[in-house]
Amino acid sequence: MESPTAEAPKGNFIRDIIDADLASGRCKTPVTRFPPEPNGYLHLGHAKSICLNFGIARDYQGVCHLRFDDTNPTKEETEYVEAIQRDIRWLGFDWRENLFFASDYFEKLYEIAVHLIRKGKAFVDSSTAEELREQRGSFTAPGVESRFRERSVEENLDLFARMRAGEFEDGAHVLRAKIDMASKSILMRDTLLYRIRHAHHHRTGDAWCIYPMYDYAHPLSDALESITHSICTLEFADHREFYDWVVAEAQELLPSTPHQYEFARLNVDYTMMSKRNLLTLVEEKLVAGWDDPRMPTLAGLRRRGVTPAALRDFAEMVGVAKANSVVDLGKLEYCIRNDLNFTAPRRMCVLEPLKVVLTNFPEGHAETLEAADFPPDVGKPGTHALSLTRELYIERTDFERAPPPGFHRLSPGAEVRLASAYIIRCDEVVERDGQVVELRCTYDADSKGGASGRKVKGVIHWVSAERGVPCEVRLYDRLFLSEAPGAERDFHEELNPASLAVHAGAIVEPVLVGDPAGSHYQFTRLGYFCSDIVDSTAARLVFNRTVSLRDSWTKPVVEPAAVLAPASAEPKPDADKRPGKKSAGQRRADVRAEDPTLLSRLDRYRTVLGLSEEDADLLTGERQISDFFDEACGVYAKPETIAKWVVNDVLREVKDQAASALRLRPAALAALARLVDEGAISSAAGKAVFAKLIAEGGEAQAWVERLGLLKVEDQGALAACIEKVLAGSPEQVRKYREGKKNLLGFFVGQVMKELVSADPALTRELLTKRLDA
RNA sequence: UCGGGGAUCGUCUAAUGGCAGGACGCCAGUUUCUGGAUCUGGCUAUCAAGGUUCGAAUCCUUGUCCCCGAGCCA
């Protein structure tokens, strides 16, 4: 029960890739990196990335570098560099000696640029920004080549040197890669490498006036650091092609070849995660700063009282995948509670005090009680002293003049227990101007402790009026009213006006007065709190509510989102008149239109061979496929059978290679089809042989013999195998007989694993008979 | 419109041709000096349609929907 946050890493597709790379020897130990740009504070989304990258390094005995991607001097500041390091350390990760800056590589990057120019792979373009934009083309239209594209190497070298020397104004020239302006990917259309920026850099000062672009600097930085797995978010997937291009072109000057992998960035509902918008919140003073407890920044979460362990647990819980998703804020809250429940000592604090006088308690007397720091189920020792006096405060909301049904708290004549103390009964309600101002109660002096035998349904928190300490308590709600702030409209309109509620007149137990700022508590029945690391002082205690307790009594009255007027129903532009992508079917038709042979074969396949419309279409979309099919039919004249094999199995294999590159020969496929057709081998065995033919080539018959796949005629062997499998899985047999019939597949699978040559159809039949007997 | 990436319980995520599993959430009960925590039980999913296969979330085909991309930002 002690450490609920297991933090045992789940697998994910990136770890699968690393496992495979390790197994194949592509890399010995993984080297990852976390590459923030120092232009803002780290947030929840970064936490996921940090946990991923540093987590891999930790679990594989690898290394994770911290590298600042500081290639844009106009946006980056040292303040951010420091804050980022502080936040990563706080989260619990350590880059050891591996702290890097892209700006450390500026000289090397320049050298590589010169190398590219010499190779004729880069040129200085003197077009204006506007010309560049126009010439880039669009999604549908190719770009046009710059009129500066064919400058000589010498001229490029000269110009680039003078760019560096500061001879030109900002924007006068850029260095571009020379790739292909007609590329389908806009990012490959002579990608920009360097721009002129006469700006002061936070680290290199005024040493440079040309700065590399991300697309150029990032892959090279990875390569220079021998990063093995460069993990980034999905929106960079399009950049991978250029990433590979630069690394390949600069290979001679690089110690390694890194690879990029992309995962889906974290989104959390009711939370805005874009750095740009977060900066706006800060700049417009809509929040108290980057560390405002309502911010999703690590600094804000820390100040709010969220623990690093909770964040790590959360990162683990949300997983790593490639599908865009929006995570419930409730999951984060769960992780926070699940950590703090075991670590935050219980104290009592009254937010809205209502005075209670214990009429049968002696005036001027204080009874010292012992209160447990944790409830018994947490299993942690520790107590603290608590003073009970004649006058005390309870929570105003814990009293109801006319209690609703099911109300377990105080009401006229009702009894309730003061936590860690006695049971009291409300005898009299004192009102002034229709307001309840005081409750006069009597306490049962024999009701202390569980041993008294007296039980009441309600237990409420309280603080001695004489001994309690005034304090300020800040309650937070989500900063935004809408699930996806900024998605449908300007986020300013979606700010939650009630995101901060200050209780300036709260009263807390005196024991926590000397505790250091940032101490965590559970204020009983209210939630988890943390003394504010900025504003709380000994003279004036200030607490932030990190998260409330789960509450199965107070139902949410109004869903805050409901308050928001529906966004003006702006229909998505041409959602209905989307022309539809050019389908593969269309492409096949296009190919046939150019090739009369295919066209006539289409007709022949349908009419003479009697193939279905669909198969005939599929087989005539590409000359090589059609040839393959014809050749196979020539060897084994069963067109429908061959068509099935080609359509369902061969087509898959030619997705990323040409049919002519296949090791599988048409004749071999034909022979295989015949073996299956004639019942010599089962279709399952056929698939196995097919896989071998694809991987290694050869003849079907030879593989059948080598793998021992000839169908077993001996039913005795099969029956014995079935018995063995059933005996080995009594639990499954029981479940099957109880009605879980789809376990049949499990049994067939077991038998096939045991006896590869078994006929699955027969196996299934025998199995069914045996199990249903 | 072109290119890239996706689609599994309400949410997040597993299952790599063989038991659709876990977590959050929700509901009911248990228990409790926190209407907390615990424990027990329950809830709900393979985008659609065809095909291949003894067997498909997984392979083939077609279709639908969603996200990203035309900064001298990262």
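Here is the naming used below: chain letters follow the sequence lines, and residue numbers restart at 1 for every chain. The shown structure was predicted, so the numbers you read here are calculated from the model rather than taken from an experiment. Only heavy atoms go into these numbers, but all of them, side chains included; no hydrogens, no water, no symmetry mates.
No contact: A:Tyr211 has no heavy atom under 4.0 Å from any strand. In this structure, A:Lys655 reaches the sugar-phosphate backbone alone: every heavy-atom distance under 4.0 Å involves primed, P, OP1 or OP2 atoms, never a base. If you check every strand for non-hydrogen atoms under 4.0 Å, A:Arg525 touches a base. A:Gln522 comes within 4.0 angstrom of a nucleotide base, judged by non-hydrogen atoms across all strands. Using a 4.0 Å heavy-atom cutoff across all strands shown, A:Asp69 reaches sugar-phosphate atoms only and no base atom. Within the 4.0 angstrom heavy-atom criterion, only backbone atoms of the sugar-phosphate kind lie near A:Lys322; the bases stay farther away. Within 4.0 Å of A:Ser127, counting heavy atoms only, lies at least one base atom of the nucleic acid. A:Thr128 comes within 4.0 angstrom of a base, heavy atoms only. No contact: A:His218 has no heavy atom under 4.0 Å from any strand. Across all strands shown, A:Ser138 has heavy atoms under 4.0 Å from base atoms, whether or not it also approaches the sugar-phosphate. Across all strands shown, A:Gln732 has heavy atoms under 4.0 Å from base atoms, whether or not it also approaches the sugar-phosphate. Using a 4.0 Å heavy-atom criterion, one finds that A:Lys275 contacts no nucleic acid atom at all. At the heavy-atom level, A:Ala264 lies nowhere under 4.0 Å from the strands shown. Residue A:Val326 is classed as a sugar-phosphate contact, given heavy-atom separations below 4.0 Å to backbone atoms only.
Using atom C1' as the reference point in both B:A15 and B:G50, the two lie 25 Å apart (nearest Å). The separation of B:G17 from B:U58, taken at their C1' atoms, amounts to 7 Å, rounded to a whole angstrom. Comparing the P positions of B:C27 and B:C68 gives an interatomic distance of 34 Å, to the nearest angstrom. Comparing B:C66 with B:A28, their P atoms are spaced 37 Å from each other, to the whole Å. The gap from the C1' atom of B:A45 to that of B:G21 amounts to 12 Å, rounded to the nearest Å. Straight-line distance between the C1' atoms of B:C39 and B:U30: roughly 7 Å, to the nearest whole Å. Between B:C12 and B:C26, the distance separating the two C1' atoms is 16 Å to the nearest Å. Across the P atoms, B:C24 and B:A20 are found 23 Å apart, a figure rounded to whole Å.
Contact record, A:Lys10 with A:Arg15: O-CD, 3.7 Å, taken as the closest heavy-atom pair. Closest non-hydrogen pair, A:Ala421 versus A:Trp462, comes out as CB-CZ2, 3.9 Å.
Checking B:A74, B:C19, B:C67 against every side-chain atom of A:Asn324, the shortest atom distance belongs to B:C67. The side chain of A:Ser552 lies closest to B:G35 when the candidates are B:C2, B:C73, B:G35. Here the side chain of A:Leu192 is nearest to one of B:C72, B:C67, B:C19, namely B:C72. Comparing B:G4, B:C72, B:C33 by their nearest atom to the side chain of A:Ala419 picks out B:C33. Of the candidates B:U13, B:C33, B:C73, B:U13 carries the atom nearest the A:Ala321 side chain, counting heavy atoms from C-beta on. Ranking B:C12, B:C19, B:C24 by closeness to the A:Lys740 side chain, first place goes to B:C19.
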Under the criterion salt bridge (Lys or Arg N to Asp or Glu O under 4.0 Å), I'd like the reasoning laid out for A:Asp649 against A:Lys644: C-alpha separation, chi angles, the key distance, then a yes or no. CA-CA 8 Å; A:Asp649 297 282; A:Lys644 270 178 189 166; over 6 Å; no
Working for ring pair (Phe, Tyr, Trp, His ring centres under 6.0 Å), residues A:Tyr528 and A:Tyr521: CA-CA 6 Å; A:Tyr528 294 98; A:Tyr521 308 98; over 10 Å; no
Quick one, A:Lys380 with A:Asp373, criterion salt bridge (Lys or Arg N to Asp or Glu O under 4.0 Å). Give me CA distance, side-chain angles, the key distance, then yes/no. CA-CA 8 Å; A:Lys380 284 180 113 174; A:Asp373 288 338; over 6 Å; no
Go through A:Phe314 and A:Tyr334 one step at a time and tell me if the ring pair (Phe, Tyr, Trp, His ring centres under 6.0 Å) criterion holds. CA-CA 9 Å; A:Phe314 178 63; A:Tyr334 169 84; over 10 Å; no
Stepwise ring pair (Phe, Tyr, Trp, His ring centres under 6.0 Å) check, A:His239 with A:Phe236: CA-CA 5 Å; A:His239 298 242; A:Phe236 291 97; 5.4 Å; yes
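For B:G36, the OP1/OP2 oxygens have no side-chain nitrogen or oxygen of A:Thr524 closer than 4.0 Å. Side-chain nitrogen and oxygen atoms of A:Arg136 include at least one within less than 4.0 Å of the OP1 or OP2 phosphate oxygen of B:C72. Contact annotation: A:Arg417 side-chain N/O to B:U32 OP1/OP2 distance is not under 4.0 Å. Taking 4.0 angstrom as the limit, A:Tyr334 places a side-chain polar atom (N or O) nearer than this to OP1 or OP2 of B:C24. The side chain of A:Arg197 contributes an N or O atom lying less than 4.0 Å from OP1 or OP2 of B:C73. Contact between the side-chain N/O atoms of A:Lys184 and the OP1/OP2 oxygens of B:A70 is not found at any separation under 4.0 Å. Contact annotation: A:Arg550 side-chain N/O to B:A37 OP1/OP2 distance is under 4.0 Å. Dashed line: the shortest gap from a side-chain N or O of A:Ser185 to OP1 or OP2 of B:G69 is not under 4.0 Å. For A:Ser325, a side-chain nitrogen or oxygen approaches OP1 or OP2 of B:U13 to under 4.0 Å.
Judged by atom type and distance alone, A:Asp551 does not reach the base of B:G35 through any side-chain donor-acceptor pair under 3.5 Å. At a cut-off of 3.5 angstrom, counting only N and O atoms as typed in the model, there is no donor on one side facing an acceptor on the other between the side-chain of A:Lys10 and the base of B:U13. Side-chain atoms of A:Arg133 stay outside donor-acceptor range of the base of B:G71, with no qualifying N/O pair under 3.5 Å.
Rounded to the nearest 0.5 Å, atoms CZ (A:Arg409) and CG (A:Asp398) are 5.0 Å apart. With rounding to the nearest 0.5 Å, the separation of CG in A:Leu743 from OG in A:Ser729 is 9.5 Å. Note that the CG atom of A:Leu132 and the OG atom of A:Ser146 stand 7.0 Å from one another [nearest 0.5 Å]. Of the inter-residue distances, the one linking A:Arg195 atom CZ with A:Met213 atom CE reads 5.0 Å to the nearest 0.5 angstrom.
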Protein proximity profile, nucleotides 45-54 of chain B - base contact B, sugar-phosphate-only contact S, no contact -, cut-off 4.0 Å on heavy atoms: ------BSSB
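Two residues, A:Phe407 and A:Arg652, neighbour RNA chain B, and the one matched to the more 5' nucleotide by heavy-atom proximity is A:Phe407.
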Filtered N/O pairs between nucleotides 40-44 of chain B and protein, under 3.5 Å:
none

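In this structure, A:Tyr194 atom OH and B:C73 atom C1' are separated by 17 Å, rounded to whole Å. If you take CG of A:Asn742 and C1' of B:G55, they are 11 Å apart, rounded to a whole angstrom.
Both tests pass for A:Lys687 against the ring of A:Trp645: distance under 6.0 Å to the centre and angle within 45° of the axis.
By the 4.0 Å N-to-carboxylate-O rule, A:Arg454 lies close enough to A:Glu415 to be salt-bridged with it.
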